Structure formats: C-alpha cells, structure tokens
2 protein chains.
Amino acid sequence: MTADEAVAPPPTGLRERKKQRTRSALVRSALDLFTGQGYDHTTVDEIAESVDVSQRTFFRYFANKEQVAFATQDSAESHFFAALCARPAHEAPLAALRGAVLDAWSTMGDSVEQLVPAELHMRMYRVIESTPALLAVHLRRTAELEERIASEIARREGLDVSVDPRPRLLTAMFGGVIQIAGKLWGAGDDESTDALRDITAFHLDHVGPALAENWRTEQ
Amino acid sequence: MTADEAVAPPPTGLRERKKQRTRSALVRSALDLFTGQGYDHTTVDEIAESVDVSQRTFFRYFANKEQVAFATQDSAESHFFAALCARPAHEAPLAALRGAVLDAWSTMGDSVEQLVPAELHMRMYRVIESTPALLAVHLRRTAELEERIASEIARREGLDVSVDPRPRLLTAMFGGVIQIAGKLWGAGDDESTDALRDITAFHLDHVGPALAENWRTEQ
DNA sequence: TTGTCAATTGTCAGACGCTGACATTAGCCT
DNA sequence: AGGCTAATGTCAGCGTCTGACAATTGACAA
C-alpha cells in the first residue's frame, strides 16, 4: 500500500529469492558434477552437500535425481515452443517447425544463460545422450513435447489430432530428424551451436527425398 | 558317446534346462504381477518369492527390474527384424518396412507364445505404455532398434548410413508411425491384434500426405 | 560309485534413491 | 515483540541393486 510497492513491485520477498538461489545453486552444482564425473558416479548427497543443504531438501526441490539434470532442458524446450507459437500463420507446418528450431538454436543463450552458462548446458546435453538412464527419460520427455507440438500444428491448420493423423505424423518425423541431428552432433567433433544448426537444417532438407520410393535410380 | 546322444543330442544338460525353467518362471510371474497389480506396486522380492528363489538370484537372471518386463518384447523385436531381413530385395524401403510389421503383428504368437501366453504379452505392452518408467526405457530400446533397422535398409539399398541421411530419416518416420499407432491402440477399446494391424496400416498410408505442404486446400 | 571341479544359489552387509513423520528454524505480518 | 506459516533438518525405513563369501548341486572322470 506504500511507495515500497513501486520500488520493488512485482518481485518477491527474501524467502522467495532465497529459494530461487538455492534451486539455482543446486542446478549449477549438479550439472558441474554430472559433466565432470558422470551422472551415475554422482550421488544426491554429493550435490546437496556441495550447496550445503540436506539431502531431504534436495528432494523437495526436485522430485528425483533425473529432474535436476533436465532443468535447463526445460527452459530450452519452452523457448522452442514459444518460437513455434510465434511463427506467422501463413507458414506451412513443416516450414514453421523448421523456422522455430533454427531460431531457437540460435537464441539459446537467452533462455538458458540466466540459469547456467550456455556452454555447461551444451555439455550436459552430451551427457544426457551418452547416459542410458538419462537418454531414456529424454526420449520420454521428447515424446510428451511432440504431443504438444502436434496439437499446436493442428490448431494452426484448424484440424483435430484425433481424426486427422497428419499433425502427429509430421511431428513424429520432425522429432526423428531432431533426434538424429542431435545424435550426430553429440558424436561429432564440432561442439559449436552452429554445427548443430547446420546438421539440423541439412537433415530437414532431405525429408522429402527420404520418402521417395526409387532411391537407387537417383544414385 | 552312447545312443542317448541321438535321443537328446543338440539340447543341454539338466543344469541348462533348470536355468531355462527358472528364467521362464520368473518372466511369467513378473508379467502376471505387473499386469495384475501394476509395475510400481510389485517388488522384486515378490517376484522372486513367487518362484521360490532368492532376490539375489533374480538379479543374476535380469540386470534390473525393468529388464524382466521387456523379456517378451525382446522376442517380438527379433521376430520383426527377422521378417524385415526376409523381405524380397526388390521391394522399396517403405514397402519392406510396411510388409515386415504387418507380417510380424500377425504371426506374433509364434515368437512369444513359447514364453508366455500371447494375451499376457499384449497386456504387458499396455502396462509399458502407461508406466512412465517403462515407457522411457521402451523408447530407448526403440531408438536402438531403429538404428539396426536403418543399417539394414542401408544395406538393402547399398548405401552408407554415415553419408546418406535417408535410411535414418525413413526409419525415424517409420518408428514414429509405429509409436503413434501403438499409443492409439493402447488408448482405444479394441484390444485385438487385428485392431493394432489396422491402425498401423492406416497411418502408414498417410505418410505421404502428411508431408504435403498445402493441408488446408485439401480439406 | 565316488571324488573333484565348476557353476548356481543363498546369505549377509551395505550403498544409493526416495519418502513420511516430526521437530526446528527462519521469514512474514500485525 | 510475538504469533503464524513456510522452509529446513533429522530420523527411520522401504526398495533397488551389488560385492563377497559360503553352501549346494550338477558335470565329468577315475
């Protein structure tokens, strides 16, 4: 009711800020440890101890050990989805998807950097790809995201996902391309974001030919 | 050295047979419990006890609790892959894949029935789809299988997966279709194998149109 | 048949992930 | 200042999974 509200209006109290700092510290420490010594060889006690909180507190911030590993992925996914929704309505589905990823890859820093260094996020991505337990969770999360994407595509085109299979099919194919691109990038030498961008664009451009029946005559 | 060898020549000794029976019993019991009371609400001790072995022995047969849940999936996958490899060389990639799945769905009993009743295997498939922890593993396993499929497609067409993206892309799309079909089947009412076959065939037939750019003009 | 060898299993202890219950601390608000 | 409530710590316990060691049992030859 006083002028204080004008000085610090939307933010929060000391309590909220403390919680945010604790959470952020847990993510940073966890990703440091995961990328440094591997996911499996890092215990929750280690993470908690490095931030000086109890193990129990860790589990009040993250439902399980996996969840903290995907904290920055959450940001990146939201960022991508927002980019998709912002695409002009006249774009064809595949063009909108293509534009959204390439755009999201480029501006990744904006969504992740405020939590941890973007470079750490990229390193963590590689850990996820190479850790079976995390890869499995990653694929499930991807499947859930694809469901949302399919719905958005259907909305754009004025279709119903439950009657028209095309939104889901296109999304599934698109998801496959992203997965392949990410895998190749993770296995390759060039760790830059641009390399990931190029690989993705390259594969998206080959989606049509991949379905053509006569591969051999083209060779 | 005696006539006994002619009576039971290739098989194995008492030891091997006993192991096979124990393993089989563990799978049957586990699937019964999983489908009956849910994966999460079934403990390894319960499974071991129902077969009258120690918990330690269970983990000597299966590396972890998840693995026993996928025992019949292993058979089914091998069955499908064999069907793919048996496809005539003149078939186009997508046609070969389509023929292999539909064929494998139909003759599922042959590969699974000898381990557990086919109906139990189908019920377990639904449990996998509806249990987050199992779904994640299922998707990872699927990704691994797709890698093998892509290699086989490349072999058929005389290509190299590391230079030509089409085998992987086609496989990824194909895998997406199977996943969507399985999901719809799991959510639907008709639990028959034929229903799964029909859904799969229907979606495979819409793969081309899903990539067409002008969805709206077709409506 | 019997004895030796090796494979299979059971038992035990313990690490690690995760959860409920309860006590304690610390920010918030009047 | 003092009460309220949210955040945290502590503790006990379940379930998954593993290493080590001892006991059992099938295989094979003397």
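Residue numbering restarts at 1 for every chain, and letters A, B, ... go by the order of the sequence lines. Computed from a predicted model, the values in this text were never measured in an experiment.
- Residues from residues 47-68 of chain A with heavy atoms under 4.0 angstrom of DNA chain C, sorted by number: A:Gln55, A:Arg56, A:Phe59, A:Ala63, A:Asn64, A:Lys65.
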Should A:Glu146 and A:Arg168 be marked as a salt bridge (charged side-chain N to carboxylate O under 4.0 Å, His left out) after you check the CA-CA gap, both sets of side-chain angles, and the distance that decides it? CA-CA 8 Å; A:Glu146 282 179 21; A:Arg168 273 200 240 254; over 6 Å; no

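- Listed by first then second residue, pairs satisfying ring pair (Phe, Tyr, Trp, His ring centres under 6.0 Å) with a partner in residues 167-191 of chain A read A:Tyr125-A:Trp185, not counting sequence neighbours.
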Does the side-chain hydrogen bond (donor to acceptor under 3.5 Å, both in side chains) test come out yes or no for A:Asp194 and A:Ser192, once each step is laid out? CA-CA 5 Å; A:Asp194 285 344; A:Ser192 72; 5.4 Å; no

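- Shown are B:Asp40, B:Leu120, B:Thr131, B:Val68; of these, the side-chain contact (heavy atoms from CB on, under 4.5 Å) with B:Phe34 is made only by B:Val68.
- Every residue two or more places apart in sequence or in another chain was checked for a side chain to side chain donor-acceptor pair (under 3.5 Å) with A:Ser130, and none qualifies.
- Proximity of a side-chain donor or acceptor of B:Tyr61 to a complementary backbone N or O of B:Ser24 within less than 3.5 Å is not detected.
- Residues from residues 17-42 of chain A lying near DNA chain C, meaning a heavy-atom separation below 4.0 Å, are A:Lys18, A:Thr42 in numerical order.
- You'll find the side chain of A:Glu157 stays beyond 4.5 Å of the side chain of A:Arg166, heavy atoms only.
- In this structure B:Phe202 satisfies the ring-ring contact (aromatic ring centres under 6.0 Å, His included) test together with B:His206, sequence neighbours excluded.
- Tested against B:Glu152 for a side-chain hydrogen bond (donor to acceptor under 3.5 Å, both in side chains), the candidates B:Arg156, B:Arg148, B:Arg155 yield a single pass: B:Arg155.
- Looking only at distances, no side-chain donor or acceptor of B:His79 sits under 3.5 Å from a matching main-chain atom of B:Ser75.
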Identify all pairs in which a protein N or O lies below 3.5 Å from an N or O of nucleotides 28-30 of chain C, and state each distance.
| unit_1 | atom_1 | unit_2 | atom_2 | d |
| --- | --- | --- | --- | --- |
| C:dC28 | OP1 | A:Leu14 | N | 2.7 |
| C:dC28 | OP1 | A:Arg15 | N | 3.0 |

